[in-house]
Amino acid sequence: MQRPFAMITGMGHAHGSRLVPNEMLEELMDTTDEWIVTRTGIKQRWWSEEGEYASVLAERAARNAIEEAGVTPEQIDGIIIGTVTGDMKFPSTANFLQARLGADNAFSFDLSAACSGWVYGLSLAESLIATGKGKRILVVGVEILTSMTDMSDRSTAVLFGDAAGAALLEVSDGQAGLLSTYMGSNGKLAELLWAPSGGSRFGITPVVRAAGKEHLLMKGRHVYTHAVRAMADATQQALDLAGLQPEEIDFLVPHQANIRIIQATVERFGFPQDRVIINIDRFGNTSTASIPIALDEARRQGRIKPGHKVVMTVFGGGFTWASGVIQF
Ligand code: COA
């Protein structure tokens, strides 16, 4: 069997119902629309309402993907969810999604790679398809980051949105599909962006609360520096593995974390602005959902068309990074 082994046959996305423009954050904390737009490119984000937990948004995105692919839930062989804000510690959010969909024949599990989770999941699903472990695998990225954000920390509270993105991966027709995938990580940088409490190391105790370790914690400047490098290196790896030059790529779909990080990646590879998919202004940083949302929107808008080659690149807490080239 030759690459491409697996192709995307359907996609979908969903976001929390509460629209939160920067102006609303000006009321809630000591910040300004001008600061947020200049430093991040974000103008608004969507937050979950009560009852919109991870498997709820995951189901909305997944149903769109399944519908587009024209398959029934019973035909799905596996469900992988990249998330660090699942419904609960266990069972996995993928198990809850399996039940919600009625995907009774699917195995299901979550993976933890923060913002890189969906691209990690895609890479894993491709390998499972290539080795015959399944013919149809649903890959979802969902994050309800407001559930772990410290709303009194303006440097993180303005960044994130709650959302899900999904793709159904099936055996390739020999033309379309994943031309390359790449994953990397560096656990030595874990403390730059983490949510240390609630596990077996730091339970949520009064001491942990007093030490300010209850929420997502980020050293923004350091994350920024590593992110620029990781996004560019991962892009290069994806291109090399696919044997392609930047000019042979129709669109760059970067992780939507910060417009300045995106611009640094764009400049390094010389992609013209009109070949870069950007939606950070409307969604904020939706973590693992960011790339599938950008891909799904661009496809539905007719920007990404059948035959187009797209390179995606992402970094996230952990530290993790991942990339890949998809031919649609
Ligand atoms: N509104 C207004 N001022 C803010 C603010 C906000 N929302 N957040 C921070 N500030 C202030 C700081 O308090 C600081 O003030 P001081 O100089 O008086 O101490 C000043 O702005 C500069 O803070 P700093 O953290 O150095 O800003 P920055 O230029 O590094 O921008 C980030 C902050 C978070 C936008 C930037 O570091 C970043 O994008 N990092 C990467 C984060 C990321 O992508 N994370 C997700 C990974 S998937």
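Along the sequence shown, residues are numbered consecutively beginning with 1. Order of listing sets the numbers, starting from 1, for every ligand and every atom in it. The shown structure was predicted, so the numbers you read here are calculated from the model rather than taken from an experiment.
Hydrophobic cluster membership differs between F5 and M7, with clusters built from Ile, Leu, Val, Met, Phe, Trp and Tyr side chains linked at under 4.5 angstrom. Follow the hydrophobic side-chain contacts under 4.5 Å out from M148 and you reach V223 in the same cluster.
Remark: among candidates T320, I36, N258, the nearest residue to atom 38 (C) of ligand 1 is N258, based on non-hydrogen atoms. Counting only non-hydrogen atoms, the option in V223, T32, I259, L192 that gets closest to atom 43 (C) of ligand 1 is V223. Scanning M218, H255, H226, R39 for the heavy atom closest to atom 34 (C) of ligand 1 points to M218.
With ligand atoms numbered from 1 in the order given, ligand 1 contributes 48 (S) to contacts under 4.0 Å with heavy atoms of C115. Listed by atom number, the atoms of ligand 1 under 4.0 Å from G220 heavy atoms are 37 (O), 40 (N), 41 (C). Every atom of ligand 1 is numbered from 1 in the order shown, and the set under 4.0 Å from a heavy atom of A257 is 44 (O). Every atom of ligand 1 is numbered from 1 in the order shown, and the set under 4.0 Å from a heavy atom of V158 is 7 (N). Interface atoms of ligand 1 facing L193, defined by a heavy-atom separation under 4.0 Å, are 47 (C). In the vicinity of N285, heavy-atom distances shorter than 4.0 Å reach the ligand 1 atoms 46 (C), 48 (S).
When distances from atom 32 (C) of ligand 1 to the protein are checked, no heavy atom turns up under 4.0 Å. Inside a 4.0 Å radius of atom 7 (N) of ligand 1 there is at least one protein heavy atom. In this structure, atom 27 (O) of ligand 1 has a protein heavy-atom contact shorter than 4.0 Å. When distances from atom 13 (O) of ligand 1 to the protein are checked, a heavy atom turns up under 4.0 Å.
Taking the six-membered ring where the residue is Trp, F319 and F315 present parallel rings, their angle staying beneath 30° rather than reaching 60°.
Using a 4.0 Å cut-off between charged nitrogen and carboxylate oxygen, R268 and D233 count as a salt-bridge pair. Comment: R63 engages E59 in a salt bridge, judged by a side-chain N to carboxylate O separation of less than 4.0 angstrom.
Distances between N or O atoms of R154 and those of ligand 1 include at least one value under 3.5 Å.
Protein heavy atom at the shortest distance from atom 35 (C) of ligand 1 is T40 CG2, 3.7 Å. The protein atom (non-hydrogen) at minimum distance from atom 1 (N) of ligand 1 is T31 OG1, 2.6 Å.
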